[in-house]
Amino acid sequence: MSEQQPKTKSAMEETFGMDTWVDGETWNGRLAMLGFIAAIAVEVAAGQSLLPKIW
């Protein structure tokens with residue numbers, strides 16, 4: 001019988017836990033939610049909407 005080598009993880013996997021595509025999608029969604037929260041916080045702090053500044 002051959003012995004199985006334990007899978008070595010890359011630096012990205014060690015740091016962010018992105019060892020599968022599903023985990024990457026989870027982190028992408030979390031970061032997108034943080035982006036929306038940051039945009040709302042900027043709007044509240046500035047007292048203006050960000051949409052006219054984008055278009």
Taking the hydrophobic residues Ile, Leu, Val, Met, Phe, Trp and Tyr, and joining any pair whose side-chain heavy atoms are under 4.5 Å apart, which ones share a cluster with [X]?
X	answer
Ile40	Val44
Met33	none
Phe36	none

Exercise. Do other residues, nucleotides or ligands put more than 12 heavy atoms under 6.0 Å from the CG atom of Leu34?
Worked result: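 Yes.
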Residues forming a side-chain hydrogen bond (donor to acceptor under 3.5 Å, both in side chains) with Glu43, sequence neighbours excluded:
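With sequence neighbours excluded, Glu43 shows a side-chain hydrogen bond (donor to acceptor under 3.5 Å, both in side chains) to no residue whatsoever.
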